[in-house]
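Remember, it's 1-based here, ligands and their atoms both numbered in the order they're listed.
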Amino acid sequence: MIPKDKRDIDPQETQEWIESLADELEEQGFERTRFLLEKLIEYASSKGARLPFNTNTPFINTIHSHQQRNFEGDRAIERKIKSIVRWNAMAMVVAANTKNPGIGGHISTYASAATLYEVGFNHFFKGPNNKNGPDLVFFQGHASPGIYARAFLEGRLDKKKLQNFRQELAPEGGLSSYPHPWLMPNFWQFATVSMGLGPLMAVYQARFMNYLVDRGLLEKNNRKVWAFLGDGEMDEPEATSGLTLATREQLDNLIFVVNCNLQRLDGPVRGNSRVIQELEGTFRGAGWNVIKVIWGSDFDEYINHENGHFFLKRVEEIVDGDLLKYVVEGGAYFRKHFWGKYPELLNMVADKSDKELEKLTAGGHDPVKVFAAFKEAVETKGKPTVILTRTIKGYGLGDAGEGQNITHQQKKLNQDELLYFKERFEIPISNQQAKSALFYKPRSNSKVIKYLLNQRKELGGFIPERNSKGPKITIPDISIFNELLEGTNNRKISTTMAYVRLLTLLTKDRSIGKNIVPIIPDEARTFGMDPLFRQLGIYAHRGQLYDPVDSDQFLYYKETKDGQILEEGINEAGAVSSFIAAGTSYSVNNVNMIPFYIYYSMFGFQRIWDFIWAASDMRTKGFLIGGTAGRTTLNGEGLQHQDGHSHLAAAVTPNIKAYDLSYGYEIATIVHYGLKDMYEKNNDCIYYITVENENYKHPPIPSGVSVDIVKGLYKIKSTNKPTIRLLGSGPLMKETLKAADLLKKDWTINPGVWNVTSFSELRRDAEETERWNLTHPTKNQRKSHLEKSLSNNTVPTIAVSDYVKMLAEQIAPYVPGSFYSLGTDGFGRSDTRENLRHFFEIDRYYITLTALRALANEGLIKMSKVEQAMKKYNIDPEKPNPITV
Ligand SMILES: Cc1ncc(C[n+]2csc(CCOP(=O)(O)OP(=O)(O)O)c2C)c(N)n1
Ligand SMILES: [Mg+2]
């Protein structure tokens with residue numbers, strides 16, 4: 001008899017329906033039963049029955065015991081391996097914190113995830129030499145001690161390294177706190193510890209693998225992308241934002257494993273409800289294959305019991321807060337509060353002691369259940385899979401934290417707790433050794449080590465392992481950009497147009513054209529890139545299943561299976577994840593791909609800087625292009641569009657080289673240099689270039705300036721007896737040149753004029769020079785590019801940009817003489833460029849005024865001249881400061 005349901009007005013009838021369904025299930029199986037149910041639902045709906053939408057299945061394992069695939073390993077040996085890894089992972093954190101209290105580290109995340117990883121390492125994760133190519137594994141950042149501990153058993157990391165966990169400055173080197181390819185470039189591949197970024201990046205890595213195959217740049221393969229994630233992490237908006245793309249793109253090469261220990265840092269993820277059910281709804285709703293692994297094999301007998309429906313009913317009643325309490329309070333409490341609710345349920349466990357009840361395993365700690373789930377996941381076709389698996393945070397820590405709210409922060413165990421851990425996992429070391437948290441490694445000819453090595457060998461070698469160099473590539477001569485180097489004559493174009501032209505030329509290049517990956521989040525028309533739609537095609541795994549509305553036009557919206565453009569829609573986080581996938585392809589796919597990701601400048605750095613930071617950590621290569629940038633140059637769009645500060649973010653991201661450019665020949669020079677720098681010289685960096693939408697004439701490249709363009713500063717106009725310098729940049733170069741004319745015409749002052757392509761590169765070079773001079777005081781003192789270029793003249797310098805004043809101020813300490821910075825501090829707003837430049841006090845008149853005042857400050861002209869200038873140029877002395885209005 002099924003348990004009572006309050007809503008049931010005729011239980012007898014319900015029972016009859018259930019029984020006939022049970023017969024059908026037994027005789028005809030699942031497929032037929034599902035078909036019948038679907039038909040019934042269809043019929044009821046067609047007659048107007050409004051059926052409640054439910055994306056959930058019962059709170060039990062998706063794979064029932066009679067359906068599950070057999071475990072294919074040696075359970076006893078694998079348990080030993082796992083126990084030793086557990087011990088060493090814990091010991092690593094305890095040892096580091098005993099030596100250096102406060103150094104941090106995490107024990108409980110890996111403790112909950114050990115079985116998931118071990119089943120993966122022993123049976124699933126394909127290594128670099130696998131004939132199907134390597135899998136890509138995104139490890140949960142806080143589980144890193146476990147990954148190091150395994151590498152220790154594999155003989156890849158030595159004891160010294162483990163002892164130096166979180167002490168990376170130790171002379172013999174240490175281990176990073178979390179997965180950081182920047183710090184461990186031969187080991188980690190993916191930076192995952194800023195939570196939420198990993199899941200989205202994993203989706204786009206999986207999609208990019210298909211892109212390479214569809215474009216014929218990578219052989220068809222059976223590689224998988226695995227992302228191991230925290231259940232708390234899934235609350236990050238980025239974590240679930242790629243789910244529908246994954247189904248749309250049919251990413252059956254993608255597997256998420258969400259470690260549902262039901263806890264995050266402070267406490268339960270969902271005390272009052274069930275996170276596994278919530279996530280099931282989200283993923284099923286998005287079309288994923290969902291495999292829940294909630295209960296270990298010990299529970300099968302209760303689920304399959306003739307009174308199993310009581311178990312089913314009871315698990316639907318409890319919330320995660322209850323499940324956590326059962327773990328912490330132990331067997332007697334579990335019996336009373338869970339099983340005790342119904343006599344039928346209590347009876348089922350009558351023969352079990354409290355200790356035995358306590359030991360009933362959660363699904364994620366049962367290798368048999370985990371194996372079956374992984375097996376089904378790797379065999380699933382046509383859609384991605386998520387495994388939602390219940391684990392216990394701090395598993396094995398006992399009173400030291402298992403399942404407790406404090407468990408995430410637990411970094412030290414006392415001697416009794418260490419002994420308990422040793423006993424529980426049967427680590428063959430003495431009590432004394434256990435109390436000192438010593439590492440343990442079995443001999444290399446022991447069964448355990450042999451087994452572990454053999455499993456990895458079969459799967460194609462160790463992971464994680466990062467390949468630092470892509471295949472050799474030759475960058476074509478800069479002459480492919482001749483058109484840009486020669487200037488535009490009388491034609492007025494914007495730097496954005498010049499960039500699009502450059503991209504077109506580059507994609508046509510015979511040798512590297514196919515390696516270029518143009519990435520755009522729904523802004524191609526804004527940037528004038530729409531002609532590329534037809535020329536290169538927009539990537540669509542399924543091709544174009546419809547006749548586009550503009551199919552009769554030459555430049556129609558062409559989606560195609562081998563399309564080159566990644567048109568990501570209004571999704572900067574997704575688009576930058578594509579940038580990361582393409583920009584790490586040299587390493588993860590051994591195929592050099594060269595991403596050019598152009599986005600609306602404001603929605604780049606400011607919105608997705610954390611992804612860019614992760615990209616830098618992961619040694620991503622490529623070009624980020626901030627389109628229609630400049631607070632006054634993008635004039636009509638107003639406050640939330642006008643970027644006047646992204647260059648500050650770029651300047652402090654260590655391996656980003658940032659340029660704000662004025663002319664087409666500068667773009668050609670920087671892109672060409674960047675290509676060689678990243679892809680020939682193998683420097684792991686990103687080039688950030690801002691381009692603007694103001695149209696003006698572009699001159700041809702002056703001779704001999706290429707090197708200086710890259711260094712960040714070159715001379716435009718020299719004068720015999722300089723009294724003042726003007727440094728212009730980007731689209732403000734034009735105003736700077738006009739100011740030079742005014743100074744000459746109205747005040748007979750002849751300034752030297754310079755073009756700054758990169759304030760941040762100038763600063764880095766100057767700072768590095770100063771740093772060297774500091775520690776080499778008696779050696780010949782070096783000079784930075786800035787000093788060499790500007791000479792020692794202590795004349796005043798006025799620097800202008802369409803960015804905040806701080807951008808130019810970066811170089812102030814290194815420029816001889818007084819320094820004045822003009823910039824666009826404050827909120828942008830819409831108006832004409834002319835009015836905006838006056839408002840932000842960066843137009844030719846303000847430049848001239850600042851120059852005159854600087855000269856007056858030096859006593860070279862009279863202050864009264866400055867006042868005269870204000871009158872002449874209609875400058876209101878009481879005009880409010882733009883930052884305040
Ligand atoms: C974006 C971000 N915010 C906050 C943190 C700090 N933090 C580290 S671990 C953690 C809790 C993790 O919980 P969960 O995702 O459930 O992983 P678990 O350790 O439980 O497996 C938090 C808040 C972080 N690393 N990244
Ligand atoms: Mg958690």
Side-chain angles (χ1 to χ4, degrees), residues 86 89-90 93 103-117 120 138-147 166 176-180 188 190-202 226-241 256-271 273-279 282 293-294 319-321 323-324 327-328 362-365 370 386-397 401-411 573 576-577 607-615 617:
R86 281 181 184 286
M90 176 277 294
V93 178
I103 199 97
H106 299 85
I107 301 172
S108 60
T109 300
Y110 179 73
S112 66
T115 302
L116 310 178
Y117 286 119
F138 285 68
F139 293 97
Q140 215 184 329
H142 294 77
S144 61
I147 313 307
R166 290 193 170 218
S176 307
S177 48
Y178 302 114
H180 295 303
W188 294 116
F190 305 110
T192 50
V193 81
S194 174
M195 293 187 304
L197 307 191
L200 194 61
M201 291 192 293
W226 299 80
F228 286 79
L229 312 166
D231 48 357
E233 176 174 19
M234 297 311 290
D235 279 340
E236 288 288 358
E238 296 91 345
T240 47
S241 68
F256 276 13
V257 182
V258 187
N259 173 20
C260 298
N261 51 31
L262 316 184
Q263 288 178 267
R264 42 183 159 82
L265 192 150
D266 285 340
V269 180
R270 294 286 184 274
S273 58
R274 289 171 299 175
V275 70
I276 292 181
Q277 296 300 87
E278 184 178 323
L279 288 173
T282 305
V293 185
I294 306 170
V319 290
D320 286 356
L323 278 167
L324 290 166
V327 172
V328 172
H365 293 294
V370 173
V386 60
I387 293 164
L388 302 171
T389 174
R390 158 99 214 277
T391 64
I392 292 166
K393 192 146 178 171
Y395 184 73
L397 288 185
E402 185 167 289
Q404 296 175 30
N405 283 336
I406 49 96
T407 191
H408 189 84
Q409 302 298 83
Q410 186 59 287
K411 299 164 198 327
V576 75
S577 300
R607 186 157 183 150
I608 49 154
W609 188 6
D610 205 22
F611 276 101
I612 297 176
W613 191 263
D617 183 349

Region of [X] that comes within reach of ligand 1 [heavy atoms, distance under 4.0 Å]:
X	value
D231	both
H142	side chain
M234	neither
K393	side chain

Which residue holds the protein heavy atom closest to [atom], what is that atom called, and what is the gap in Å?
atom	answer
atom 11 (C) of ligand 1	L265 N, 3.6 Å
atom 6 (C) of ligand 1	M195 CE, 4.2 Å
atom 13 (O) of ligand 1	R264 CA, 3.5 Å
atom 17 (O) of ligand 1	Q140 NE2, 3.1 Å
atom 15 (O) of ligand 1	E233 N, 2.8 Å
atom 3 (N) of ligand 1	E236 OE2, 4.0 Å

*Indicate yes or no: does an N/O atom of V193 lie under 3.5 Å from an N/O atom of ligand 1?*
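So ligand 1 has an N or O lying under 3.5 Å from an N or O of V193.
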
*N/O to N/O below 3.5 Å, does that happen between S112 and ligand 1?*
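Not met; the criterion fails.
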
*For the residue pair Q140 and L229, establish whether any side-chain heavy-atom pair is separated by less than 4.5 Å.*
no

Closest non-hydrogen atom pair between [X] and [Y], with its separation:
X	Y	value
A614	L197	CB-CD1, 4.0 Å
M234	L279	CB-CD2, 3.8 Å
L262	D231	N-OD2, 2.5 Å
A191	D617	CB-OD2, 3.4 Å

Atoms in ligand 1 with a heavy atom of [X] nearer than 4.0 Å:
X	value
G232	14 (P), 15 (O), 16 (O)
H408	9 (S), 10 (C), 11 (C), 19 (O)
N259	21 (O)
N261	18 (P), 20 (O), 21 (O)
T109	18 (P), 19 (O), 21 (O)

Evaluate the ring planes of [X] and [Y], with Trp represented by its six-membered ring, and classify them as parallel (under 30°), tilted (30 to 60°) or perpendicular (over 60°).
X	Y	result
Y117	Y110	parallel
W609	W613	perpendicular
H106	H142	perpendicular
H365	Y395	parallel

*Of all N/O/S atoms in D231, the name of the one nearest the Mg ion (ligand 2)*: OD1

_Contact flag N261/the Mg ion (ligand 2), N/O/S atoms, threshold under 2.8 Å_ = yes

*asked:* Any N/O/S atom, side chain or main chain, of Q263 closer to the Mg ion (ligand 2) than 2.8 Å?
replied: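 Q263 does place an N, O or S atom closer than 2.8 Å to the Mg ion (ligand 2).
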
For the side chain of [X] and the backbone of [Y], is there at least one donor-acceptor N/O pair under 3.5 Å apart?
X	Y	value
N405	G267	no
S577	A573	yes
T407	G401	yes
D320	V275	yes

*Report yes or no: does a heavy atom of H106 sit under 4.0 Å from some atom of ligand 1?*
no

